[in-house]
Student: 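Quick one: this structure, given as structure tokens, is what I'll be asking you about.
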Amino acid sequence: MAKVLTSQADDFPRWYQDVLAKAQLAENGPVRGTMVIRPYGYSIWERIQSEVDARIKACGAENAYFPLFIPESYLQREAEHVEGFSPELAVVTHAGGKALDEPIVVRPTSETVIGEYMSRWIQSYRDLPLLLNAWNNVVRWELRPRLFLRTTEFLWQEGHTAHATREDAAAYATRILREVYEDFMVNVLAIPVLVGRKTASERFAGAINTMTLEAMMRDGKALQMGTSHELGQNFSRAFDITYLDAAGETQYCWTTSWGSTTRMIGGLIMTHGDDGGLVVPPLLAPIQTVVVLVKEADGAGERVAALADELAAAGVRARVDDRTSVSFGRRATDWELKGVPVRLELGPRDLAAGAVTVVRRDTGEKSQVPLDRAVARVRELLDRIQVDLLAAATARRDAATTDVTTVDEAAEAAQTGFARLPWDVVRGEGEARLAERGVTVRCLMGPDGSLPPSEDEPDLVAVVARAY
RNA sequence: CGGGGAGUGGCGCAGUGGAAGCGCACCUGCUUUGGGUGCAGGAGGCCGAGGGUUCGAGUCCCUCCUCCCCGACCA
């Protein structure tokens, strides 16, 4: 492979920046912290949306849209919520050429405005559960932005639901965590995630329980890939989200919210990417296979086009690269940088052999396959790569995870990966001591890996790490 | 806001008082297409802004602006 990127070993953050630029994923916008997502990067986001949206709908939620602008007074109705978000709000004070009577905030999240409308839409227990989701953009003024990982404006989906009982709300928040996020991340992104509970200090502003999915990047740091919250009755009390139960009594609803963002693209890059660039898992890839015309000769161009058609007919997202004005090496490198899982090369030597050269992006392995077996071979490889990427990422994570027994050992081990230790050892002053070394509790898990119903369960395990 | 750096073609950088340059990218032509081909030619600059010193300032002095990195918040 040609060396066109800073290597991961030399400088991981710079490697990340190089990949963004060379794979044409995204670049900085003119206002600090904003992001321009380029067509290839956006096509990856569209694939994410498509997969996540289908899973959300399978859980019964419906899409809706709520406004970008929220009255400042709405945020102030929930004390913890406003306290949590105040430092990062963008506030509109002037519009239409004059000062506004009440400032308008640009949504940092939509709990408040959706709460207002839930209170109007919910009358009786027959209206519950109310299951909503929105695909939109939000703004949180970030002091230290990084493309995809932490930007002032980002794209996401935010789900908001209202239920009759705490148990229903908890069950739904957990269902989304498992059936939407975990399933998508593991089976499509091929990223292994730890599913756990946030500590009180890491909890969402206004939630009674925050659950998280944590992935390990190739540099050993953790990335929160998604969250699901039980909001208790905090927002239903603030926004008067009530219903009449079967006995005719007025009750407050129990609400949830859950979100996943363009940050997942950052996680994708840093989980699977290597010194050759991005590596996209086949099930996610906007382009699963590129058919490269090495050189126009002996009808090779027609064979390339026919091959791409056969692949498309077999359900493979295929693309032709017949830009013979660009040198072969350049084009091979381009597709590697973009992480296309399987590349087919067709040139005179292949034609003479009645074959096509097949290259795996993840391993670099090359083989020659008879033309009439090419489509079947591609489909086998796509399946194989999907499985292998998850296995490789899981192996890397497990190899960089250490069981320890003290806070000091955990802080040390977390400099290069994840550390696991008893929660009882950490709780209290432990979180502050870890923070001194840049380490946080990523999540709490049961001894068997289960999702704890509270942080007071016996024998909980704390997973700690440095995080993005 | 505390500490540390940097502003020079699109991007990355060199240039310590005397002709604005280099690499990549871009355009033209030829060449080469099986791993970022090679050669030749070419286009592109208010050197962050303002003021000062000097015969002469990208370079020295002053003021301002912006950006980046390290700390506290965060999907």
Side-chain angles (χ1 to χ4, degrees), chain A residues 1-6 11 13-14 17-18 20-22 24 27-28 30-33 83-89 107-110 136-146 148-159 181 198 201-205 207 210-215 222-229 257-267 276-277 292-297 300 321-337 343-353 355-357 359 364 366 368 432 435-438 440 467-468:
Chain A
M1 289 187 193
K3 189 167 189 266
V4 295
L5 303 171
T6 304
D11 186 342
R14 187 160 175 191
Q17 297 291 345
D18 284 355
L20 294 176
K22 297 283 186 175
Q24 301 181 340
E27 49 196 84
N28 286 312
V31 172
R32 177 180 164 78
E83 186 186 342
F85 279 106
S86 286
E88 43 187 333
L89 292 181
R107 67 174 163 233
T109 179
S110 302
N136 61 32
N137 58 336
V138 288
V139 169
R140 300 177 186 179
W141 214 255
E142 289 293 344
L143 301 179
R144 303 196 51 190
R146 289 191 70 182
F148 286 124
L149 301 174
R150 193 189 302 106
T151 47
T152 282
E153 178 189 8
F154 58 87
L155 307 183
W156 74 343
Q157 58 69 216
E158 50 175 322
Y181 298 149
K198 284 293 188 188
S201 60
E202 298 274 328
R203 201 178 281 158
F204 176 76
T210 289
M211 294 172 286
T212 179
L213 304 99
E214 301 282 331
L223 183 72
Q224 180 171 329
M225 296 282 289
T227 55
S228 186
H229 315 287
S257 69
W258 25 278
S260 61
T261 78
T262 36
R263 171 182 279 184
M264 286 188 284
I265 299 176
V292 179
L293 173 62
V294 175
K295 181 180 183 177
E296 181 54 87
D321 180 356
D322 55 4
R323 301 171 296 160
T324 49
S325 61
V326 179
S327 73
F328 173 80
R330 164 69 61 139
R331 291 183 290 146
T333 304
D334 277 350
W335 296 115
E336 269 161 14
L337 285 164
R343 184 172 73 250
L344 303 184
E345 301 170 359
L346 195 69
R349 297 209 297 252
D350 299 293
L351 272 185
V356 61
T357 299
V359 189
K366 280 189 190 182
Q368 213 176 34
E436 287 170 11
R437 297 198 58 190
T440 50
Y468 278 97

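Letters A, B, ... mirror the listed sequences (proteins, then strands); counts begin at 1.
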Student: Rounding to an integer number of angstrom, what distance separates rU37(B) and rC26(B) when you compare their P atoms?
Tutor: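 Looking at atom P only, rU37(B) and rC26(B) are 11 Å apart.
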Student: Could you tell me which residues satisfy side-chain contact (heavy atoms from CB on, under 4.5 Å) with Ser110(A), sequence neighbours excluded, listed by chain and number?
Tutor: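 Testing Ser110(A) for side-chain contact (heavy atoms from CB on, under 4.5 Å), a comparison that skips the adjacent residues, returns Arg107(A), Val113(A), Ile114(A), Asn136(A), Glu158(A), His160(A).
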Student: Can you sort out the partners of Arg343(A) under salt bridge (charged side-chain N to carboxylate O under 4.0 Å, His left out), two or more places apart, ordered by chain and number?
Tutor: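 Scan of Arg343(A) (salt bridge (charged side-chain N to carboxylate O under 4.0 Å, His left out), adjacent residues dropped) gives Glu336(A), Glu345(A).
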Student: Do Ser260(A) and Gln157(A) get their side chains close enough for a donor-acceptor pair, meaning under 3.5 Å?
Tutor: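 Ser260(A) vs Gln157(A): donor-acceptor pair found between side chains.
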Student: Excluding sequence neighbours, so at least two apart, what forms side-chain hydrogen bond (donor to acceptor under 3.5 Å, both in side chains) with Arg437(A)?
Tutor: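 Arg437(A) satisfies side-chain hydrogen bond (donor to acceptor under 3.5 Å, both in side chains) with Glu412(A) only.
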Student: Check the distance between rC74(B)'s P and Trp156(A)'s CH2 and give it to me in whole angstrom.
Tutor: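 Computing the Trp156(A):CH2 to rC74(B):P distance gives 14 Å.
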Student: On RNA chain B, compare the nucleotides closest to Leu337(A) and Arg263(A); which residue's is nearer the 5' end?
Tutor: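 Final value for this comparison: Leu337(A).
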Student: Give the nucleotide from the list rG34(B), rC74(B), rA75(B) with an atom nearest to the side chain of Thr261(A).
Tutor: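 Of the options given, the side chain of Thr261(A) lies nearest rA75(B).
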Student: Can you tell me the distance, in whole Å, between the CG atom of Asn28(A) and the P atom of rC11(B)?
Tutor: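 From Asn28(A) CG to rC11(B) P: 12 Å.
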Student: Can you tell me how far C1' in rG9(B) sits from the matching atom in rG15(B), rounded to whole Å?
Tutor: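 About 15 Å, rounded to a whole number of Å.
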Student: Could you tell me whether the side-chain ring of Phe154(A) sits stacked on the base of rA75(B), using a centroid cut-off under 5.5 Å and a plane angle under 30°?
Tutor: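 One would call Phe154(A) stacked on the rA75(B) base.
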Student: Only stems of 3 or more consecutive Watson-Crick or G-U pairs count here, both distances under 3.5 Å; name the ones for RNA chain B, or none.
Tutor: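 Consecutive-pair runs (3 or more) involving RNA chain B: B:1-7 with B:65-71, B:10-13 with B:21-24, B:26-30 with B:38-42, B:48-52 with B:60-64.
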Student: Write down the distance separating the C1' atoms in rG58(B) and rG17(B), rounded off to the nearest Å.
Tutor: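 Approximately 11 Å lies between the C1' atom of rG58(B) and that of rG17(B).
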Student: For Gln224(A), report the nucleic acid contact type (base, sugar-phosphate, nothing); a contact means any heavy atom under 4.0 Å.
Tutor: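 Here Gln224(A) touches the backbone only, sparing every base.
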Student: So what does Arg343(A) touch, heavy atoms closer than 4.0 Å: a base, only the sugar-phosphate, or nothing?
Tutor: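 Result for Arg343(A) = base.
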Student: Does Lys198(A) reach a base, just sugar-phosphate, or nothing at all? Heavy atoms under 4.0 Å.
Tutor: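 If one applies the 4.0 Å heavy-atom cut-off, Lys198(A) turns out to touch nothing in the nucleic acid.
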Student: Quote, to the nearest angstrom, the P distance that separates rC60(B) from rC47(B).
Tutor: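 Roughly 16 Å separates the two P atoms.
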Student: Going by the rule side-chain contact (heavy atoms from CB on, under 4.5 Å), which residues pair with Pro87(A) if we only count those two or more places apart in sequence or in a different chain?
Tutor: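 Counting only residues at least two positions away or on another chain, Pro87(A) forms no side-chain contact (heavy atoms from CB on, under 4.5 Å).
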Student: Just the table, please: protein N/O against nucleotides 40-43 of chain B N/O, every pair under 3.5 Å.
Tutor:
none

Student: Could you work out the separation of rA14(B) and rU54(B) based on their C1' atoms and round it to a whole Å?
Tutor: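 Rounded to whole Å, the distance is 25 Å.
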Student: May I have the distance from Arg150(A) (atom CZ) to rA72(B) (atom C1'), rounded to whole angstrom?
Tutor: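 Arg150(A) atom CZ is separated from rA72(B) atom C1' by 12 Å.
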Student: Taking all non-hydrogen atoms of both residues, which atom of Gly276(A) and which atom of Leu5(A) are closest, and how far apart?
Tutor: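 Looking at all heavy atoms of both residues, the closest pair is C-CD1, 3.8 Å.
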Student: Residues two or more places apart in sequence or in another chain: which of them pass side-chain contact (heavy atoms from CB on, under 4.5 Å) with Thr324(A)?
Tutor: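 Scan of Thr324(A) (side-chain contact (heavy atoms from CB on, under 4.5 Å), adjacent residues dropped) gives Leu293(A), Arg331(A).
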Student: How long is the line joining CH2 of Trp335(A) and P of rG34(B), in whole Å?
Tutor: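 So the two atoms are 17 Å apart, to the nearest Å.
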Student: With heavy atoms under 4.0 Å as the rule, sort Val138(A) into base, sugar-phosphate or nothing.
Tutor: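 Val138(A): no heavy atom of the nucleic acid under 4.0 Å.
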Student: So what does Glu142(A) hit on the nucleic acid, given a heavy-atom distance under 4.0 Å: a base, only sugar-phosphate, or nothing?
Tutor: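 Answer is base: heavy atoms of Glu142(A) come under 4.0 Å of a base.
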Student: Specify the separation, in whole Å, of atom CZ of Arg14(A) and atom P of rC69(B).
Tutor: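 For the pair Arg14(A) CZ and rC69(B) P, the rounded distance is 13 Å.
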Student: When rounded to the nearest Å, what value does the distance between P atoms of rU53(B) and rA57(B) take?
Tutor: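 Rounded to whole Å, the distance is 11 Å.
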Student: Look at all strands and tell whether Gly259(A) reaches a base, only sugar-phosphate, or nothing, counting heavy atoms closer than 4.0 Å.
Tutor: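 If one applies the 4.0 Å heavy-atom cut-off, Gly259(A) turns out to touch nothing in the nucleic acid.
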Student: Tell me, please, which residues at least two apart from Ala353(A) pass side-chain contact (heavy atoms from CB on, under 4.5 Å).
Tutor: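 If we apply the side-chain contact (heavy atoms from CB on, under 4.5 Å) test to Ala353(A), skipping adjacent residues, the hits are Ala355(A), Gln368(A).
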Student: Rounded to the nearest 0.5 Å, how far apart are CG of Asn137(A) and OG1 of Thr261(A)?
Tutor: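 OG1 of Thr261(A) is found 12.5 Å from CG of Asn137(A).
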Student: Between P on rC74(B) and CH2 on Trp141(A), what's the gap in Å once rounded to a whole number?
Tutor: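 It is 18 Å, rounded to the nearest whole Å.
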Student: Apply side-chain hydrogen bond (donor to acceptor under 3.5 Å, both in side chains) to Thr152(A) and list each qualifying residue two or more places apart in sequence or on a separate chain.
Tutor: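 Once residues adjacent in sequence are excluded, Thr152(A) has no partner under the side-chain hydrogen bond (donor to acceptor under 3.5 Å, both in side chains) criterion.
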Student: Please evaluate the base of rG34(B) for a donor-acceptor partner in the side chain of Lys366(A) within a cut-off of under 3.5 Å?
Tutor: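 No.
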Student: With the side chain of Leu143(A) defined as its heavy atoms from C-beta on, choose the nearest nucleotide among rG34(B), rA75(B), rA72(B).
Tutor: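 The nucleotide sitting nearest to the side chain is rA72(B).
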Student: Atom NZ of Lys295(A) to atom C1' of rU37(B): distance rounded to whole Å?
Tutor: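 Rounding to the nearest Å, NZ of Lys295(A) and C1' of rU37(B) are 13 Å apart.
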Student: Assign each of Pro145(A) and Phe85(A) to its nearest nucleotide of RNA chain B by heavy atoms, then name whichever residue's nucleotide is nearer the 5' end.
Tutor: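 Looking at RNA chain B, the more 5' nearest nucleotide goes with Pro145(A).
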Student: If you count every heavy atom of other residues, nucleotides or ligands that lies below 6.0 Å from Arg323(A) atom CZ, does the total exceed 12?
Tutor: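 Enclosed: over 12 neighbouring heavy atoms sit under 6.0 Å from CZ of Arg323(A).
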Student: Gln24(A): which residues meet the side-chain hydrogen bond (donor to acceptor under 3.5 Å, both in side chains) condition with it, sequence neighbours left out?
Tutor: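 Residues passing side-chain hydrogen bond (donor to acceptor under 3.5 Å, both in side chains) with Gln24(A): Lys338(A).
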Student: Looking only at atom P, what distance separates rG34(B) and rA75(B), rounded to whole Å?
Tutor: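 Roughly 49 Å separates the two P atoms.
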Student: Could you state the CD-C1' distance from Glu336(A) to rG34(B), rounded to the nearest angstrom?
Tutor: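 Rounding to the nearest Å, CD of Glu336(A) and C1' of rG34(B) are 13 Å apart.
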Student: Tell me what Thr151(A) touches on the nucleic acid: a base, only sugar-phosphate, or nothing, going by heavy atoms under 4.0 Å.
Tutor: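 Base contact - Thr151(A) has a heavy atom under 4.0 Å of at least one base atom.
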Student: Not counting sequence neighbours, which residues clear side-chain hydrogen bond (donor to acceptor under 3.5 Å, both in side chains) with Thr210(A)? List them please.
Tutor: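 Scan of Thr210(A) (side-chain hydrogen bond (donor to acceptor under 3.5 Å, both in side chains), adjacent residues dropped) gives His229(A).
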Student: For Phe148(A), is there any backbone N or O sitting under 3.5 Å from a side-chain donor or acceptor partner on Arg263(A)?
Tutor: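 Checked: no pair found.
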Student: Which pairs, protein N/O on one side and nucleotides 25-32 of chain B N/O on the other, fall under 3.5 Å?
Tutor:
residue: rA25(B); atom: OP1; partner: Arg330(A); partner atom: NH2; Å: 3.2

Student: Using the P atom on both, measure rG41(B) against rG21(B) and round to a whole Å.
Tutor: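 My reading of the P atoms in rG41(B) and rG21(B) gives 16 Å.
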